[in-house]
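All of these numbers come straight from a predicted model, not from anything done at the bench. The figures that follow rest on heavy atoms only: side chains count, while hydrogens, waters and symmetry mates do not. The residues of the chain are indexed from 1 along the displayed sequence.
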Amino acid sequence: MYMDVDIEIYLKKLKDFFNNDEEARRDLFGYEEIDMDEFYLMVLEKATINSKKNGDPMLTGTEMLEIVTDLAFRDIRDEIELEHLIKRQQEIEKVFVSSKNGFPPLCLN
């Protein structure tokens, strides 16, 4: 994949910064573990857009916060969907009746 040199340099500096400064990483991401590869991929996409727009790949603080928020909400959204799935499964299990050990449950509809 072809990548502009300015974007490569920006990403390299950003990776070095977060790898070397644990406090800065905690300040931006909190104590949550996020997928840094996904984060850098989203930064790459936004940096490419910025580079094409104004010639500078650097993200603003707002753009960086949007990426972090998107990643955080993605995790929350997955948890909510999982909770909904578990609740739905429990509702379905109420419909089935166990008749005898060793036999599958019956559904009386």
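Taking NZ of Lys52 as the reference point, atom CG of Asp4 lies at 10.0 Å (rounded to 0.5 Å). If you take CZ on Phe29 and CD1 on Ile67, they are separated by 9.0 Å, rounding to the nearest 0.5 Å. To the nearest 0.5 angstrom, Leu71 atom CG is 5.0 Å from Met42 atom CE. If you take CG on Leu65 and CG on Leu28, they are separated by 7.5 Å, rounding to the nearest 0.5 Å. One distance of note links CG of Leu44 with OG1 of Thr48; it measures 4.5 Å at 0.5 Å rounding. The OG1 atom of Thr60 sits 7.0 Å away from atom CD of Glu66, with the distance rounded to the nearest 0.5 Å.
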All N/O donor-acceptor pairs, side-chain side in residues 9-17, below 3.5 Å, sequence neighbours left out:
from	atom 1	to	atom 2	distance (Å)
Tyr10	OH	Leu59	N	3.2
Lys12	NZ	Asp16	OD1	3.2
Lys12	NZ	Asp16	OD2	3.1

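Remark: Asp27 pairs with Glu23 by the side chain to side chain contact (heavy atoms under 4.5 Å, CB included) rule, at least two apart or across chains.
Under the 4.5 Å side-chain heavy-atom criterion for Ile, Leu, Val, Met, Phe, Trp and Tyr, Met36 and Met64 are members of the same hydrophobic cluster. Linking Ile, Leu, Val, Met, Phe, Trp and Tyr whenever their side-chain heavy atoms come within less than 4.5 Å leaves Met58 and Ile49 in two separate clusters.
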Checking side chain to side chain contact (heavy atoms under 4.5 Å, CB included) for the pair Asn50/Glu63: CA distance, chi angles, key distance, verdict?
-> CA-CA 10 Å; Asn50 288 352; Glu63 292 170 331; 3.0 Å; yes
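Taking the six-membered ring where the residue is Trp, Phe39 and Phe18 present perpendicular rings, their angle passing 60° and hence far from 30°.
Side chain of Ser51 to backbone of Ala47: no donor-acceptor contact under 3.5 angstrom is found.
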